[in-house]
Amino acid sequence: MGNKMPPVTFTFLNSTIEGVEGEPVAAALRRAGITELGRSGVDGTPRSAFCFMGSCQECRVRIDGTVAYACKAPVLPNMTVTPYVQS
Amino acid sequence: MTQALHTRPDVFDTVVVGAGVMGATTALFLARAGQKVALIDREDMFRAASGVNAGTLTLHMTRAQLIPHAIRGREMWLDSANWLGEDVGALATPGLSMAFTEAEEELLRQRARVRQEMGAPIEVLSAKETIRIEPGINPTLRAAAYCALDGHIPTYRVGGAYARALRQAGVTIIENSPVEGISPATGGGYEVRITGRAHPVRGHRIVLSTGAWLEKMLGWLGYDIPIRCLINQLVVTETLPPVMRSVLSIANGLLSLKQFANGSVLIGGGWQGEGNIHQGGTRVIPENLRGNVRLAQHVVPRLNEAQILRVWLGLESETPDAMPLIGALTPDEDAFVVGCIHSGFTSGPYMGRLLAERILGSDPDLGAFDPTRFSSLPATGTRP
Amino acid sequence: MSSPDFSPVTVIGGGIAGATSAIALSRHGFPVTLIDEQPVAGGQIFRAPSPYARKIVPPNHEFSGGDTLRQKLAASNVDVRFSTRVWGLSPTLMLDLLGPDGINQLPAATLVVANGATERFLPFQGWTTPRIIGLAGASILMRNGGTLPGQSVVVAGSGPLLFSVAHQVLELGGRVVAIVDAGHRSDWLRLGAMLSLDPARLTQATSWMLRLKKAGIPIHHRAHISEAQETGTGLRLTVTEMDHPERRHVYATEAAACGYGLKPSTLITRTAGVQHRHDPVGGYLEPVTDTAGRTSRPDLYVTGDAAGIRGMAVARLRGLITAHAIAHDRGVISRDTYEALTRVPLRQRRRLEAVSRQMLPLMNAGSAIPAHLQDETIVCRCERVKAATLRSAIQAGAEDLNQLKAWTRCGMGPCQGRMCEDSARGLLAAACGKTPEEAGSFTARMPFFPLPLTAVTGDFTYSDIPLPKAAPL
Ligand SMILES: Cc1cc2nc3c(=O)[nH]c(=O)nc-3n(C[C@H](O)[C@H](O)[C@H](O)COP(=O)(O)OP(=O)(O)OC[C@H]3O[C@@H](n4cnc5c(N)ncnc54)[C@H](O)[C@@H]3O)c2cc1C
Ligand code: FES
């Protein structure tokens, strides 16, 4: 990898987010000022990436429809990220 | 919670061994009638079948002969605020049993007929009518049996509710106390010996309600009834937006599917795991996990969005004729049994209450459940 | 020496301990399979940095150490299965895996569990707001993601990670608002005195402390965050002194990172049924192991932090020793060779472990917090169960952790109780006057994390489903 990292873009809800290909989705979103990734299915309060280790399960989102961990899943150009909706 | 030894009476009126729904209900109604009752369990109460079951209040799956009892049990659950002291959250819904092949449709009609005769309000619907009721069902179905009386109950809330009710009724609860022997006491009644405790618990009367562990205990009283242990698999998903309202099953009885108020979906139906009740330790059989979940996804295709949260196995007991054991074990009527009741969580409160009434002197019809039906009474019981 | 047994060995966890062990086992001639949920080896501390982090974060020992480890692994004969997670196992050590191709099973003749540690979290009022992140999580986000949790950060909890994270915030150009530590200042001084045994750590610690001091960052010892309020643009944090609850400090910050030390990940070892014990100093459950990682099961070894928290330098030595022990137990090397190979690693390890053990009480300094949680505080994040609900269930007779779970749903959610077990146990133990051991642990259930239903079902048609015989009428 060279030192140049052309930014790629993806969408989260209605926003276009800039990130670096291969970095965790949650990191790119946080730099864009987005911490809320979804809502608790129990009380409707915001959820966010908390442990960054795959333990807490709170960072889960859907990437192009498939459930993924935002703390781990890599940014890819033009992907669509939506909250993991619990009831 | 286990109360200190010195607060116990010397001899209880009744010692109930096994604190699941059967034993706990019997204990509750005996105590409310004024008896001094002890309730013993090898673990904490409501941790075996009564704490891990699917909470289906169904007539589709209940054995046909037990339908009247299941109807009464279901009513009790829906009315728990009144007799148990708190609402445990039972929900009345319709129940739909489905057929996807010709053979299943035939089975469906046959099973519906037998159940109608026993008083279950079941009618067979066309695919179109069914989908109008449950739009999320796979449209390839052929027919469904509709029962207005079905529903479910969040099982996890039941143990705590019973604990509070039992304590209020004055029952002495003795948990984490495996019973290792029962023998007649000199001067009448029984001594119940607990592993690791110097003194036995004494009672004028005993009730055995140890579910899957009944075989061994009945042996102590001279009964030789082979009891089969089923290892039932259950799968629960994370919460989902509403995908069904009714309790769903299929004609051969091998699926039960429901969505709780919190949105999680429970998938059951009696697919088996592996394990051994005596050695403990159970294990999921991957093909059975896959089969059970595929069946669920076939019936409600939107489950393909679900995440499996937990898979577990619960033990259920069954007699050779798959009918319950409820009644007296000795001619002196000082030892009783209640257990091995198919879909027993639904009818449990009613069955437990019936046994309590029987012990208190009334004469409910328990003929079909007589534990002596497999062998004659052991020679004058165990009285020396 | 009996004839050598070269049957395969499976290693779970490609961190320092697991990868080192796998490479050494492979050199001894065993066919080795290494499983890890991450896309490459490295584990927690040698985790591969993201492309962005590689550019932003100054080069450091963890990046270079991780690169070396990955190169060595690539050059070895170890069969690696990355992006593959163990979600269950049977008593016969049949592993249930979820990998890039869905679920499958892998039998393990001999299993080395090297799945490392998880962070211990303790709750406070408002800790579920998105501006609060775990302490280890903050480290991963910054070190491996090159991204600050916020422009200003309060760093709170306990253990050495506090200072590492504070340092990383500064390194990325952020502001550390305050450091809030549950530990005693005197425990740190005691640790400092021992650091001469571990020169690498000493140098690192000294440079961090100087930098933090220069930045004039307030440090509170014997204190914890007691409340967080969302202000719209940030957080209003209340810090309470543990020995003087009336003394409070309020801070405004954009984000906070909070965690109370590490504990071994025990879901796998508990499910395998090996013996565990509660370590009163670390305040956690750990598998009972000997120096080489042998457990109560002859076919299962545990190495690295999964066998008790000792840190990265010890993890490498442990992985090595475990590999040699397996070679010895299988008759591949003699007792003499084993002793020759392990003499130096064992000596180094003893020295480093003296320091690691001194860190355990610092990590566990928050152990008294759960006893005093406010009623309104959420203990179980997944099911949003509050302290008051737990207390009323305990009053009704739920005196064991599993009964408490069954009655309140605390620990029943998708995280499997990883987030709430410590605080629920602490609250229960305090309320009933029990030891943590008596209060118990959540029974491990499968799957260890939520499984996509379609990973289990795959493609199928109705006739593929092997329907068992119909239930009786
Ligand atoms: C943020 C952070 C900072 C730290 N800072 C320091 C420090 O400054 N100094 C120090 O000495 N120590 C530090 N530690 C501790 C240090 O990281 C450990 O001591 C060391 O890395 C342990 O190595 P390990 O191989 O035992 O575990 P790990 O590195 O955790 O490796 C375990 C591996 O197992 C994998 N795994 C777990 N479960 C499964 C599963 N079910 N299926 C498949 N794979 C699985 C994980 O993905 C991981 O790759 C820190 C830890 C953390 C988290
Ligand atoms: S942040 Fe906890 S699982 Fe991703």
Side-chain angles (χ1 to χ4, degrees), chain A residues 1-8 17-60 62-63 65-77 83-84 86, chain C residues 37-39 44 47-56 83 85 116-119 121 127-142 144-150 230 255 258-259 265 378 380-385 409 413-416 418-419 449-455:
Chain A
M1 178 193 349
N3 232 358
K4 282 259 175 326
M5 290 179 300
V8 298
I17 311 290
E18 223 172 66
V20 174
E21 183 162 348
E23 73 167 323
V25 171
L29 286 172
R30 202 169 267 261
R31 284 203 308 282
I34 296 172
T35 49
E36 178 181 332
L37 301 177
R39 294 263 160 173
S40 157
V42 181
D43 67 2
T45 53
R47 281 191 298 117
S48 179
F50 180 70
C51 73
F52 275 82
M53 288 181 158
S55 298
C56 72
Q57 314 293 318
E58 295 186 40
C59 68
R60 285 177 299 162
R62 283 185 189 273
I63 296 182
T66 303
V67 177
Y69 293 86
C71 70
K72 252 192 336 208
V75 167
L76 296 174
Y84 168 64
Q86 293 192 298
Chain C
E37 61 195 38
Q38 298 191 43
Q44 297 301 355
R47 182 185 293 260
S50 76
Y52 180 76
R54 259 219 211 264
K55 192 180 153 203
I56 297 286
S83 304
R85 211 167 178 191
T118 43
E119 187 163 34
F121 298 106
W127 74 309
T128 56
T129 104
R131 292 183 185 278
I132 290 170
I133 156 174
L135 194 59
S139 172
I140 295 167
L141 177 65
M142 291 187 286
N144 309 96
T147 302
L148 282 166
E230 178 70 49
C258 188
S265 305
I378 289 172
C380 169
R381 297 171 69 97
C382 299
E383 296 286 334
R384 296 292 204 245
V385 183
R409 301 189 69 77
C415 87
Q416 271 274 27
R418 289 172 179 96
M419 299 292 116
F449 53 87
L451 275 185
L453 190 130
T454 45

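In what follows, every heavy atom counts, from backbone to side chain, and hydrogens, waters and symmetry copies are set aside. Lettering follows sequence order; numbering is per chain, from 1.
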Donor-acceptor pair, C:Trp127 side chain versus C:Ile378 backbone, under 3.5 Å?
-> yes

What residue, out of A:Ser55, A:Pro46, A:Ser48, has the most heavy-atom pairs lying under 4.5 Å from chain C?
-> A:Ser55

Where along residues 19-27 of chain A does a heavy atom come under 4.5 Å of chain C, listed by residue number?
-> A:Val20, A:Glu21, A:Gly22, A:Glu23, A:Pro24, A:Ala27

Donor-acceptor pair between C:Ser265 and C:Arg418 side chains, under 3.5 angstrom = no

One option among C:Ser50, C:Gly145, C:Pro450 has the most heavy-atom pairs under 4.5 Å with chain A, and it is C:Pro450

List the steps, then state whether side-chain contact (heavy atoms from CB on, under 4.5 Å) holds for C:Cys258 with C:Leu135.
-> CA-CA 5 Å; C:Cys258 188; C:Leu135 194 59; 5.9 Å; no

Can you check side-chain contact (heavy atoms from CB on, under 4.5 Å) on A:Cys51 and C:Phe121, steps first, answer last?
-> CA-CA 9 Å; A:Cys51 73; C:Phe121 298 106; 4.2 Å; yes

Charged N to carboxylate O below 4.0 Å: is that the case for A:Glu36 and A:Arg47?
-> no

Portion of C:Pro149 that has a non-hydrogen atom of chain A nearer than 4.5 angstrom = both

Under 4.5 Å from a heavy atom of chain A, the part of C:Ile132 involved | both

Does the pair A:Arg30 and A:Thr35 meet the rule for a side-chain contact (heavy atoms from CB on, under 4.5 Å), with working shown?
-> CA-CA 6 Å; A:Arg30 202 169 267 261; A:Thr35 49; 3.8 Å; yes

Specify which of C:Met419, C:Arg381, C:Arg131, C:Gln416 makes the most heavy-atom pairs with chain A at under 4.5 Å.
-> C:Arg381

Charged tip of A:Arg60 within 45° of C:Phe449 ring normal and under 6.0 Å | no

By side-chain hydrogen bond (donor to acceptor under 3.5 Å, both in side chains), which residues pair with A:Thr66, not counting sequence neighbours?
-> none

